[in-house]
Amino acid sequence: MSTSVSASAAAAAALLPILTGRRSPPASRVPGISRRRIGSNPRLFSSSAPSPVLPAAAMATDGAAPDAGSKNKLLVFDTKEDLAVSLAKYTAELSEKFAAERGAFTVVLSGGSLIDALSKLTEPPYLESVDWSKWHVFWVDERVVPKNHEDSNYKLAFDGFLSKVPIPPGQVYAINDALSAEGAADDYEACLKQLVKNGVIAMSAATGFPRFDLQLLGMGPDGHIASLFPGHPLLNEKERWVTYIKDSPKPPPERITFTFPVINSSAYIAMVVTGAGKAGPVQKALSDKQTSSDLLPVEMAVLHDGEFTWFTDKPAVSMLQNK
Ligand SMILES: O=C1O[C@H](COP(=O)(O)O)[C@@H](O)[C@H](O)[C@H]1O
């Protein structure tokens with residue numbers, strides 16, 4: 001590990017005015033930032049070893065004053081391989097923490113590119129060291145298609161991740177694909193409520209919504225997360241835990257999705273976003289120029305009381321550096 005400030009460290013320092021939401025603070029005066037290079041990855045910085053983090057901006061909220069950002073972190077990796085290694089370590093450490101604290105680890109998956117990023121968890125040392133028997137797996141969204149359909153988020157996760165790790169099948173909570181969109185949303189919400197009663201899923205006393213231990217999320221190029229799309233009325237759902245959409249702008253049109261109150265009650269969120277095609281929404285989400293009227297869904301993912309970590313690559317943050 002080097003303590004020198006590299007060219008990449010300087011580039012990261014240039015992000016600080018954006019990421020901290022301040023106009024132009026000297027990086028050295030930003031609390032907790034020591035420009036430490038981590039291992040061989042020049043884009044990984046640490047505020048305090050051993051976690052390789054760069055505090056990110058407090059995200060825009062629905063009017064609430066943003067928390068100083070200490071619980072928002074941005075990681076930028078050189079390669080997808082590096083990202084996957086770090087995501088596996090992060091997830092394995094949370095698995096150990098929650099298994100010890102609660103005897104269960106509730107993990108929410110998205111579909112899309114996220115599943116590839118979980119590949120290192122299916123290999124040594126994690127395949128053997130993670131206590132998979134404590135895992136309970138959920139989906140933040142699902143397409144209303146049969147489980148063996150190419151568009152199914154369950155199939156994607158099963159083929160790429162779940163079939164390779166020994167999670168008890170009874171602890172993998174797939175959406176009921178025999179039901180309509182409305183029926184599947186009701187059924188999934190009822191399933192979650194039962195698991196809250198059983199003590200498998202925690203509740204947030206502060207929000208009154210379920211508090212998942214970790215949500216592993218992706219973001220589309222339009223800034224959507226889960227099946228919550230820009231400008232859609234579902235963004236304003238305040239009561240339901242799980243709801244449905246029949247006019248998704250991204251096919252297939254019928255889906256079910258967690259609502260923002262559930263997403264934002266999580267203890268941890270890992271937002272995994274790579275590629276230049278997503279640089280615009282990343283820039284908007286991490287910029288300090290947000291307005292409350294035109295928030296992208298990804299900007300509305302603001303944890304009530306939790307830790308939000310962005311796992312990104314250089315192309316995904318390329319517009320931040322150009323600011
Ligand atoms: O449709 C969906 O898209 C998003 C983003 O997918 P990505 O391939 O661009 O990462 C995904 O998070 C969501 O679960 C999925 O249903």
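Note: hydrogens, waters and symmetry copies are ignored here, and every other heavy atom, side chains too, is used. Counting begins at 1 with the first residue of the sequence. Start at 1 and go down the list; that is how both ligands and their atoms are numbered.
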Checklist entry - Which protein non-hydrogen atom lies closest to atom 9 (O) of ligand 1, naming both residue and atom, and how far is it? => result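 Here the nearest protein heavy atom works out to K278 NZ, 2.7 Å.
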Item to check | Nearest protein heavy atom with distance in Å, relative to atom 8 (O) of ligand 1 | outcome: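 Result for atom 8 (O) of ligand 1: S113 N, 3.0 Å.
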Item to check | Distance in Å, M300 CE paired with L235 CG, rounded so as to fall on 0.5 Å steps | outcome: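 M300 CE to L235 CG: 5.0 Å, rounded to 0.5 Å.
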What atoms in ligand 1 come closer than 4.0 Å to a heavy atom of [X]?
X	answer
G218	12 (O)
S110	12 (O), 14 (O)
G112	6 (O), 7 (P), 8 (O)
N153	14 (O), 16 (O)
R255	1 (O), 2 (C), 16 (O)

Item to check | Distance-only N or O hit between ligand 1 and P221, under 3.5 Å | outcome: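 There is no such contact.
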Item to check | ligand 1 N/O within reach of S227 N/O, cut-off under 3.5 Å | outcome: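 It does not: no N or O of S227 is found under 3.5 Å from an N or O of ligand 1.
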Next on the checklist: Could you work out, for atom 13 (C) of ligand 1, the closest of L216, D141, L109 by heavy-atom distance?
Outcome noted: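 Minimum heavy-atom distance to atom 13 (C) of ligand 1 goes to D141.
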Next on the checklist: When you measure from the heavy atoms of H224 to every atom of ligand 1, does any distance fall below 4.0 Å?
Outcome noted: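 It does; at least one heavy atom falls under 4.0 Å.
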Next on the checklist: Checking contacts here: is it the side chain or the backbone of M219 that comes within 4.0 Å of ligand 1, counting heavy atoms only? Could be both or neither.
Outcome noted: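 Within the 4.0 Å criterion, M219 contacts ligand 1 through backbone atoms alone.
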Next on the checklist: Side chain, backbone, both or neither: which applies to V272 and ligand 1 if a contact is any heavy-atom pair less than 4.0 Å apart?
Outcome noted: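 No part of V272 comes within reach of ligand 1.
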Item to check | Partners meeting ring-ring contact (aromatic ring centres under 6.0 Å, His included) with F212 (sequence neighbours left out) | outcome: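 ring-ring contact (aromatic ring centres under 6.0 Å, His included) check on F212 returns F138, F258.
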Cut-off 3.5 Å, side chains only: do [X] and [Y] have a donor facing an acceptor?
X	Y	result
W139	S110	no
D82	T79	yes
S227	R255	yes

Item to check | Minimum heavy-atom distance between L94 and L214, given as atom pair plus value | outcome: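 Minimum heavy-atom contact is CD1-CD1, 3.9 Å.
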Item to check | For the student: nearest non-hydrogen atoms of S266 and L303, plus distance | outcome: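 Distance-wise, the nearest heavy atoms are O-CD2, 3.5 Å.
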Checklist entry - Is the backbone N or O of V200 less than 3.5 Å from a side-chain atom of R102, with the two atoms forming a donor-acceptor pair by type? => result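 Yes, because the side chain of R102 sits within donor-acceptor range (under 3.5 Å) of the backbone of V200.
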Item to check | Cationic tip of K73 above W310 ring, under 6.0 Å, 45° of axis | outcome: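 Cation-pi check for K73 and W310: fails.
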